[in-house]
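In the text below, chain A, chain B and the rest are named by the order of the sequence lines, each starting its count at 1. Just so we're clear, the structure is a prediction, and the values are computed from it rather than from any experiment.
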Amino acid sequence: MSEISKAYEPQSVEDKWYQFWLDGKFFVADAQSAKPAYSIVIPPPNVTGVLTLGHVLNNTIQDILARKARMDGKEVLWLPGTDHAGIATQTVVERALKKEGKIKHRDDLGREKFLEEVWKWKNEKGGIIIQQLKKLGASCDWTRERFTMDPEYSRCVQRVFVDLYKKGLIYRGKRMVNWCPASLTALSDEEVVMKEQKGFLYYFKVEVAEIPGTFLTIATTRPETIPGDTAVAVNPKDPRYAHLIGKHVVRPLPVELPREQKLIPIIGDEHVDFEFGTGVLKVTPAHDKADFEIGARHKLATVEVIAANGQMNDAAGADLRGLDRFKARKVAVEKLTELGALEKEEPYTNNVGFSERADVPIEPRLSEQWFLKYPSVEKSRAVVAKGEMKFHPDRWAKVYDHWMGSLQDWCVSRQLWWGHRIPVWYSEGWKKLSQKIVFVRLTGHELAGRNVKELREAAFTFAKSHGILGQSFLNLDSHQNITVHKASLEHAFSNFGVANVKLVPGLPDLLRHAVKVASEPHLPPSESVISVETYFSALQVGDQIFRVKFRVKVFPDNFRLYDHQAVMLWREKENEPDGNKSPEAQFPKEQTSRPASGSTLLLRDLVQDVNSDPAFTRSQIEPPAENWVQDPDVLDTWFSSWLWPFATMGWPEQADTLKKFYPTTDLVTGPDIIFFWVARMIMAGYEYMGALPFQNVYFTGIIRDKQGRKMSKSLGNSPDPLDLIAKFGADALRFGVMRAAPLGQDILFDEQNVELGRNFCNKLWNACRFRQMQGGEVQGEIEPTLLSSDDKWILLKLDAAIREVTIALNEYKFSDATAALYRFFWGEYCDWYVEATKAVFFGTDEKRKANTLAVIDFVLSHTVRMFHPFLPFITEELWHGMGYATDMPDNQGGKTIMFAPWPMPLDEDFKGHYGLDDCYLEIAGAKYELVSQGRNLRREANISTGKKIKYVLKPVNFLPPHDVEVIRLLLNAETVEVNENFQPPKGTLTARTELGELYLPLEGLRTPEELAAEKARVANELDKIEAEIAKVEQKLANPKFMEKVPPAVLQEHSQRLAEWLAKRDHAKAALGALS
RNA sequence: GCGCGGUUAGCUCAGUGGUAGAGCAUUUGCUUCACACGCAAGGGGUCGCAGGUUCAAACCCUGCACCGCGCACCA
């Protein structure tokens, strides 16, 4: 530290050292290293993102862990990167292009051109956050920076998709999905947040067609969907309405339609709650999940009235057509009013699902999407439940477990351009199927039904009546035993398609008697599935015969699950592609089957659905041949993020990095993405690496402002971390955030925290400056015989601090660690030790001065290292400036504090050699307590701090002269007279301490008022003492207490009583001395 | 509705059965030769409420209230 400025100036230090670290390649992880590995992957921030306080919190923790691990001698990989963030990025770029006037809509450019623009934007403006992380001091291995759209990474994503497809875990289906009318894409359930919305419940009446003059009143929050209503439902048990079931009502909208086209049936459905509203429910199968189910049960038509963009379509009628859905709501109410149908409207609050990103209400919408049935679920669930993977704080394990226990299939397709395009190809040449379907026949047994409900009932009846449940059946062709579990039936019924429902109950029968079975080589097994066998069968639908391909999964205990099958509908009599009748020949080696459709489709919809798509479907990365077109959708961004821990390490080719650093040690992330990311990474880790992706997960709190509100742009309450760094320094920001971030709690952010960090850095700086001002080289050897009680005290305190901080870090208690460091350094080292050393430095004993410097150097060199993970910049500056680097080997702190060893607690040999007995904590502690008391006396006497005064000490035991000198200095006294026979004159203030009585003779200097005030104060204190004595005495007087209390506690109570009694005596004496 | 957290000084929070704590804020006094981004000394709490267990409860149990979060939801 050649130039010593009075205050620490981070700006002149931080960039210099960061560049130094980069130049030295200190962040680069060596996969060949012999050191034990420590690894952590960054939660990839959005490539469009800018640094927020949330990132600061998160990445500071990771940096602390990484830097600490380096100091522990580990080979550290902190792997950084960014996420392509499909919706967010596409929106940002789209908005930017619109602003520049380049486009009005993304369609103006077309997919290719638009993607070019996105890449351009990404390369020019993306990744700002990476530069910002550097400002924060993040010690990431930037040579390994990854982006989820990197070619290698994209290939991993595609590979995984194809693999899951082949395992039968990915399927396509037409389902009700969460549709975002702003982003024009489907969303997963996790991307929908429920929000309370204030609105109205509208009551309108409809006439029963068969009984003129009879009206039903319906309550709804969505009158704009009336044109899409295809029934009115009541509970069949509701006495008010049951008799009306089967009759019809006249739907009021659209106004212009003739009455006969607006007749919709009154149906009975148990789903209807007759407590709610009027007990009459309008059913809009196209725009409500529950209504869709009702529609499926009652074979209702599905009339879509809201288009993908949230505007009403033609079917909504002339009045609503083209209007936004919310505007349409108002107009619909007006129309109802005009018709005289509106009875009333009352304010109503309900929960509405919002798109998390676009912050608009989502629209349930029937559409064709890709779904994933999660892999490796049981293992992933068990590893956390059993505590093999630890969550910190562990209450998140319960949340995780709950979610894992009720997994819904993941909608992975997005109708966007920016992202990984789904690696599925469709061939042309599909011939349309006839839509005439009368019944379904499974050879030998009929399971007839026109919709799922009927089929399901038939299937259950069939399974029951044939005693199939729990039975084993021998397949005569393959000689395999097939057992039907109840679970497999339920599973199939609840999760899979119509075809599955048809097949499962009949399957053993098919295998036994009728089906012409072929087998295929099994597909790549996962750990929980030994093999997947493929069979073909025939299915007759009306006059057509279809080939059906289905799959049987074989589990380790020989349990067989018919949980996925691909249905291939084929017209038997014509269109045989090559005339080859063998079923195998119909299905090329690659996956060509088309998975079953959604569970709630009508059969005719299934056929329609199949017709609407190309026949041949293959999932593979490269196009199979010419004339094959790729699925236009891209994958959910999280479908790439969930591979992050291993895809970033070069999976599957580069084995060395993976071998060294996978599984990673820690993951640091926010609890808000526990389902989005953490849970999915665990499942992917098991599925593809056969091992958990990380050993520990640390969940940070969420940063809020000091009023407890979430940080948000619109509130303007999110300070820019870069501004804070510029104003206070990166170390200050890190320290401030860490101090305010207890494990598992939300963090209420206040700039004062950062200010405190800045002040702390300044304190550290000045403490070192003080050391430098005493001169001399770095002192190595400490001479045990020259150690004062102060020296021993601070060494013991250092020892305690090392232990405390190390334990806190091991337990991920960062705020405890910073609090311990703060307390030790400021409250113990600076406040007491440094002040005490002035007695040495202001004196003339040169040997003692040198020895004190040695102690200071010992303490500071340890302290600076302990601070390094928290305050990387200032500690590096001090490490070099103070000369502590010079004595160290190059790879252990000689070059950089980054590799200096983490301080070890002082061992017994060390303590023995230097005479560091715990009694010195008491001895020096008593001394400092005496000083506090003495200062208190001065204050009571109203004597200003600067004024030199005289104290008298009547010691209990001998006190070394050096200690008396320390006391004198700390009291800022002219003299401290040691006098065993001191008789205090009247008006002398006294304090009782462990070391003896301390007096502040005032020699009549005080006014009567001052004396009176003093007397009042002592009297007050006496009262408190009496109260304490009474409390303890009462306890001791209780016979039950004396009988049952453990001896140690009794001892403690008696001792406490004795202390209070002595204090009382002293206070009484003091009172006497004052009067 | 179900579940999980929380309720301790003005604020933010520690505190796993035996004397209620820290930081900030506040009051007062100090430009004391490392630091005013500082030093020193104070004031300030029925530990959410009500029961129970115990010699002893902020702490364990039960119930309630309020706040926050998650999940599931009735139009």
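- Rounded to a whole angstrom, the distance from the C1' atom of B/G17 to that of B/C47 is 15 Å.
- Applying the side-chain hydrogen bond (donor to acceptor under 3.5 Å, both in side chains) test to residues at least two apart or on different chains, the pairs with a partner in residues 1033-1045 of chain A are A/Lys1035-A/His1053.
- The pair A/Lys198-A/Glu196 does not meet the salt-bridge criterion, since no charged nitrogen lies less than 4.0 angstrom from a carboxylate oxygen.
- Contacts between residues 821-833 of chain A and RNA chain B, defined by a heavy-atom separation under 4.0 Å, are made by A/Tyr822, A/Trp826, A/Cys830, A/Asp831.
- A/Glu1043 comes within contact range of no nucleotide atom at all, as no heavy-atom separation falls under 4.0 Å.
- Distance noted for atom C1' between B/U53 and B/C61: 7 Å (whole Å).
- Rounded to a whole Å, the CZ atom of A/Phe760 is 12 Å from the P atom of B/C24.
- Residue A/Tyr348 is in sugar-phosphate contact alone, with no base atom involved, counting any heavy-atom pair closer than 4.0 Å across all strands shown.
- Distances from the side chain of A/Met194 to the nucleotides B/A75, B/C37, B/C73 place B/C73 closest.
- Distance noted for atom C1' between B/C59 and B/A72: 34 Å (whole Å).
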Sort me out a list of protein N/O and nucleotides 16-19 of chain B N/O pairs below 3.5 Å, or just none if empty.
unit_1: B/G18; atom_1: O2'; unit_2: A/Glu1052; atom_2: OE1; d: 3.4
unit_1: B/G18; atom_1: O2'; unit_2: A/Glu1052; atom_2: OE2; d: 3.4
unit_1: B/U19; atom_1: O4'; unit_2: A/Arg1056; atom_2: NH1; d: 3.2

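- Rounded to the nearest Å, the gap between the C1' atom of B/A14 and that of B/G45 is 15 Å.
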Set out, line by line, the N/O atom pairs under 3.5 Å between protein and nucleotides 59-61 of chain B.
none

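- A salt bridge links A/Arg823 and A/Glu804; the closest N-O separation between the charged side-chain nitrogens and carboxylate oxygens is under 4.0 Å.
- Checked for salt-bridge contact, A/Lys1063 and A/Glu1059 miss the test: no charged N lies under 4.0 Å from a carboxylate O.
- In this model, the phosphate group of B/A36 is not approached by any side-chain N or O of A/Lys763 to a distance below 4.0 Å at OP1 or OP2.
- Under the side chain to side chain contact (heavy atoms under 4.5 Å, CB included) criterion, A/Leu1061 pairs with A/Ile1029, A/Leu1057, A/Arg1064, not counting sequence neighbours.
- Candidate nucleotides B/A72, B/A41, B/C35 were compared by shortest atom distance to the side chain of A/Asn762, and B/C35 ranks first.
- Ion pairing of A/Lys927 with A/Asp790 is present here, as a side-chain N (NZ or NE/NH1/NH2) and a carboxylate O approach within less than 4.0 Å.
- With B/A75, B/A34, B/G23 as the choices, the nucleotide that has an atom nearest any side-chain atom of A/Leu756 turns out to be B/G23.
- Scanning for side chain to side chain donor-acceptor pair (under 3.5 Å) contacts around A/Asn972 gives A/Lys948, with sequence neighbours left out.
- The gap from the C1' atom of B/U62 to that of B/G70 amounts to 25 Å, rounded to the nearest Å.
- A/Pro10 meets the side chain to side chain contact (heavy atoms under 4.5 Å, CB included) test with A/Tyr8, A/Glu14; sequence neighbours excluded.
- The CZ-C1' distance, from A/Arg758 to B/C24, rounds to 14 Å in whole Å.
- Of the listed nucleotides (B/C73, B/A34, B/C55), B/C55 has the atom at the smallest distance from the side chain of A/Lys1040.
- Per the geometry, CD belonging to A/Glu804 stands 13 Å off C1' belonging to B/G15, to the nearest Å.
- A/Tyr833 is linked by a ring pair (Phe, Tyr, Trp, His ring centres under 6.0 Å) to A/Tyr829, counting only residues two or more places apart in sequence or in another chain.
- With ring centers used as reference points, A/Tyr698 lies 6.0 Å or more from A/His392.
- Under the rule for a ring pair (Phe, Tyr, Trp, His ring centres under 6.0 Å), A/Tyr203 has no partner lying at least two apart in sequence or in another chain.
- Distance CG (A/Asn351) to C1' (B/A72): 10 Å, rounded to an integer number of Å.
- Nucleic acid contact class of A/Val834 (heavy atoms, under 4.0 Å, all strands): base.
- Checking B/U28, B/C35, B/A40 against the side-chain heavy atoms of A/Arg935 singles out B/A40 as nearest.
- Between the side chain of A/Glu835 and the base of B/A34, a donor-acceptor pair under 3.5 Å is found.
- Within a 6.0 Å sphere centred on CD of A/Glu1026, other residues, nucleotides and ligands contribute more than 12 heavy atoms.
- Distance, A/Asn766 CG to B/C33 C1': 13 Å, rounded to whole Å.
- OP1 or OP2 of B/A41 sits under 4.0 Å from a side-chain N or O of A/Ser932.
- Pair check for B/G5 finds B/C67; Watson-Crick or G-U wobble, both atom distances under 3.5 Å.
- Under the Watson-Crick or G-U wobble criterion, with both distances below 3.5 Å, B/C74 has no partner in any strand shown.
- A salt bridge links A/Glu270 and A/Lys237; the closest N-O separation between the charged side-chain nitrogens and carboxylate oxygens is under 4.0 Å.
- In this view, A/Arg758 satisfies the side chain to side chain donor-acceptor pair (under 3.5 Å) rule with no residue, not counting sequence neighbours.
- Within the nucleic acid shown, A/Lys948 has no heavy atom closer than 4.0 Å to any nucleic acid atom.
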(request) Decide salt bridge (charged side-chain N to carboxylate O under 4.0 Å, His left out) for A/Arg251 and A/Asp229; before the verdict, give the C-alpha distance in whole Å, the side-chain angles of both, and the deciding distance to 0.1 Å. (result) CA-CA 8 Å; A/Arg251 199 180 62 206; A/Asp229 292 352; over 6 Å; no

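- The interatomic distance linking A/Asp816 (CG) with B/G15 (P) rounds to 7 Å, in whole Å.
- At the heavy-atom level, A/Asn936 lies under 4.0 Å from the strands shown only through sugar-phosphate atoms.
- For the pair A/Asp750 CG and B/C13 P, the computed distance is 12 Å after rounding to whole Å.
- Annotation: B/U46 and B/A57 have their C1' atoms spaced 14 Å apart (nearest Å).
- A close approach under 4.0 Å does not occur between any side-chain nitrogen or oxygen of A/Asn972 and OP1 or OP2 of B/A40.
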Between the protein and nucleotides 65-71 of chain B, list every N/O to N/O distance that falls short of 3.5 Å.
none

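- For the P atom pair drawn from B/G6 and B/C60, the interatomic distance equals 10 Å after rounding to whole Å.
- Comparing the C1' positions of B/G15 and B/A20 gives an interatomic distance of 9 Å, to the nearest angstrom.
- Ionic pairing of A/Glu965 and A/Lys838 is not present here: no N-O contact between side-chain nitrogen and carboxylate oxygen is shorter than 4.0 angstrom.
- Taking atom CG of A/Asn1038 as the reference point, atom P of B/C55 lies 9 Å away to the nearest angstrom.
- Nearest-nucleotide assignment on RNA chain B puts the 5′-proximal partner with A/Asn759, out of A/Asp288 and A/Asn759.
- Under the rule for a ring pair (Phe, Tyr, Trp, His ring centres under 6.0 Å), the partners of A/Phe867 that lie at least two apart in sequence or sit in another chain are A/Phe760, A/Phe825.
- A 3.5 Å limit on both hydrogen-bonding distances identifies no Watson-Crick or G-U partner for B/A57.
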